[in-house]
A.B. asks: 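Structure in structure tokens, see below.
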Amino acid sequence: MEIRINTHGNPTPTNHEGKGDWFDLSVSEDVEIKKGEYKQISLGISIETPVGYTTYIVPRSSTFKHYGIILVNSVGVIDSSYCGDDDIVSFLALATRDTVIKKGERIAQMMTFPTPDIKYKEVSVLGNINRGGIGSTGKWFVVN
């Protein structure tokens with residue numbers, strides 16, 4: 001998969017010598033965000049996801065603890081059409097507290113997966129038993 005380092009001079013994303021499967025992404029410049037602010041944080045790279053694959057961007061598990069930011073769209077999805085030199089991978093952040101993130105800090109991770117070739121067929125009835133709604137697989141107990 002091809003990658004272009006656009007703005008920050010950080011090394012190519014790595015998975016730390018095979019210690020993990022996802023590739024860490026770094027902030028391309030110093031960032032300051034105030035509590036309640038939204039900011040598009042550049043990760044300074046452009047990628048060419050192969051046709052038939054999708055790349056997912058998610059926060060690192062320590063990102064909220066260290067910086068108090070959340071990824072507003074929960075998961076970033078990059079398909080093969082987002083592949084131009086100026087199609088910069090970003091972290092769409094909402095700050096829950098005032099924070100400063102220094103250039104080069106790792107806040108996100110990415111992984112590329114095959115995209116299944118699925119076709120949808122509209123039907124009037126699925127014909128299955130209803131499970132009971134969202135969150136219905138567990139039992140809830142009330143403590144008095």
Side-chain angles (χ1 to χ4, degrees), residues 1-140:
M1 192 163 120
E2 294 186 337
I3 186 167
R4 177 175 185 233
I5 306 297
N6 288 327
T7 57
H8 56 62
N10 291 331
T12 301
T14 67
N15 63 353
H16 298 289
E17 294 84 41
K19 293 180 183 175
D21 296 325
W22 289 66
F23 293 80
D24 288 343
L25 300 173
S26 302
V27 175
S28 66
E29 60 190 8
D30 290 346
V31 175
E32 183 175 346
I33 311 174
K34 300 292 184 194
K35 179 180 180 178
E37 279 186 345
Y38 161 84
K39 185 169 268 192
Q40 182 173 341
I41 300 173
S42 173
L43 300 174
I45 63 170
S46 298
I47 61 174
E48 185 176 352
T49 301
V51 173
Y53 288 80
T54 303
T55 299
Y56 298 91
I57 309 293
V58 299
R60 294 184 73 229
S61 58
S62 61
T63 296
F64 183 78
K65 176 178 77 170
H66 290 305
Y67 305 109
I69 58 173
I70 57 174
L71 183 64
V72 296
N73 54 339
S74 300
V75 175
V77 177
I78 301 173
D79 64 19
S80 61
S81 69
Y82 192 74
C83 60
D85 287 341
D86 293 327
D87 291 334
I88 310 292
V89 176
S90 297
F91 187 104
L92 308 178
L94 178 65
T96 63
R97 64 176 187 258
D98 292 357
T99 192
V100 173
I101 308 167
K102 295 293 185 186
K103 175 182 173 179
E105 291 295 316
R106 296 173 295 149
I107 64 168
Q109 52 192 337
M110 73 176 176
M111 178 55 71
T112 301
F113 296 100
T115 304
D117 185 19
I118 295 175
K119 305 286 187 256
Y120 290 97
K121 175 184 169 187
E122 185 176 341
V123 297
S124 60
V125 176
L126 293 174
N128 303 313
I129 296 172
N130 293 327
R131 191 178 88 182
I134 296 173
S136 64
T137 59
K139 298 209 181 250
W140 291 89

A.B. asks: For residues I41 and A93, report the shortest heavy-atom separation together with the two atoms involved.
C.D. replies: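 Here I41 and A93 meet closest at CD1-CB, 3.7 Å.
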A.B. asks: Could you list the donor-acceptor pairs under 3.5 angstrom formed by side chains in residues 64-75, with sequence neighbours left out?
C.D. replies:
unit_1, atom_1, unit_2, atom_2, d
Y67, OH, E105, OE1, 2.7
N73, ND2, V75, O, 3.4

A.B. asks: Identify the two heavy atoms, one from K102 and one from V27, that lie closest to each other, and give their separation to 0.1 Å.
C.D. replies: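 For K102 and V27, the tightest heavy-atom pair comes out as O-CB, 4.2 Å.
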A.B. asks: Donor-acceptor pairs under 3.5 Å, side chain of residues 116-124 to any protein atom, not counting sequence neighbours: which ones?
C.D. replies:
unit_1, atom_1, unit_2, atom_2, d
D117, OD1, K119, NZ, 2.9

A.B. asks: Within a strict 4.5 Å, meaning less than it, do heavy atoms of the L43 and I88 side chains meet?
C.D. replies: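 No, every pair of side-chain atoms sits at 4.5 Å or beyond.
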A.B. asks: Go through the structure and list residues passing side chain to side chain donor-acceptor pair (under 3.5 Å) with S90, not counting sequence neighbours.
C.D. replies: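 Listed in chain order: Q40.
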A.B. asks: Write down the atom of G104, the atom of S26, and the distance for their closest heavy-atom approach.
C.D. replies: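 Residues G104 and S26, closest heavy atoms: O-OG, 3.4 Å.
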A.B. asks: Mind checking side chain to side chain donor-acceptor pair (under 3.5 Å) for T54 and listing every partner two or more places apart, or none if nothing turns up?
C.D. replies: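 Expected list: T115.
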A.B. asks: Go through the structure and list residues passing ring-ring contact (aromatic ring centres under 6.0 Å, His included) with Y53, not counting sequence neighbours.
C.D. replies: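 Here no residue qualifies.
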A.B. asks: Listed by chain and number, what are the salt bridge (Lys or Arg N to Asp or Glu O under 4.0 Å) partners of K34, not counting sequence neighbours?
C.D. replies: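 So K34 forms a salt bridge (Lys or Arg N to Asp or Glu O under 4.0 Å) with E32.
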A.B. asks: Without swapping roles, check the side chain of R4 against the backbone of D85 for a donor-acceptor pair under 3.5 Å.
C.D. replies: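 Confirmed, R4 side chain pairs with D85 backbone.
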A.B. asks: Just to verify, what does T112 make a side chain to side chain donor-acceptor pair (under 3.5 Å) with, not counting sequence neighbours?
C.D. replies: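 If we apply the side chain to side chain donor-acceptor pair (under 3.5 Å) test to T112, skipping adjacent residues, the hits are T55.
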A.B. asks: With the side chain counted from C-beta on, respond yes when Q109 and L25 share a heavy-atom pair under 4.5 Å apart, and no when they do not.
C.D. replies: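 Contact flag for Q109/L25 side chains = no.
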A.B. asks: If only atom types and distance count, is the side chain of S80 paired as donor or acceptor with the main-chain N or O of P50 below 3.5 Å?
C.D. replies: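 No, because the side chain of S80 does not come within donor-acceptor range (under 3.5 Å) of the backbone of P50.
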A.B. asks: Output every pair passing ring pair (Phe, Tyr, Trp, His ring centres under 6.0 Å) with a member in residues 28-51, not counting sequence neighbours, ordered by first then second residue.
C.D. replies: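 For residues 28-51: none.
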A.B. asks: For I33 and A95, which heavy atoms make the closest approach, and how far apart are they?
C.D. replies: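 I33 and A95 have their closest heavy atoms at CG2-CB, 3.4 Å.
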A.B. asks: Taking all heavy atoms of W22 and all of Y56, pick out the closest pair and write down the distance.
C.D. replies: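 Closest approach of W22 to Y56, heavy atoms only: CZ3-O, 3.7 Å.
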A.B. asks: Go through the structure and list residues passing side chain to side chain donor-acceptor pair (under 3.5 Å) with D79, not counting sequence neighbours.
C.D. replies: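 D79: side chain to side chain donor-acceptor pair (under 3.5 Å) contacts with S81.
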A.B. asks: Grab the two heavy atoms, one from I45 and one from M110, that are nearest each other, plus how far apart they are.
C.D. replies: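 Minimum heavy-atom contact is CD1-CE, 4.2 Å.
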A.B. asks: Among pairs that include at least one residue of residues 36-52, which meet salt bridge (charged side-chain N to carboxylate O under 4.0 Å, His left out), considering only residues two or more places apart or in two chains?
C.D. replies: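 Not a single pair qualifies under salt bridge (charged side-chain N to carboxylate O under 4.0 Å, His left out).
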A.B. asks: Does D30 reach the main-chain N or O of K103 with its side chain, forming a donor-acceptor pair under 3.5 Å?
C.D. replies: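 Pair found, side chain donor or acceptor close to backbone of K103.
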A.B. asks: I'd like to check S46 versus Y82 (side-chain heavy atoms, cut-off strictly below 4.5 Å). Are they in contact?
C.D. replies: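 No. Closest side-chain heavy atoms not under 4.5 Å.
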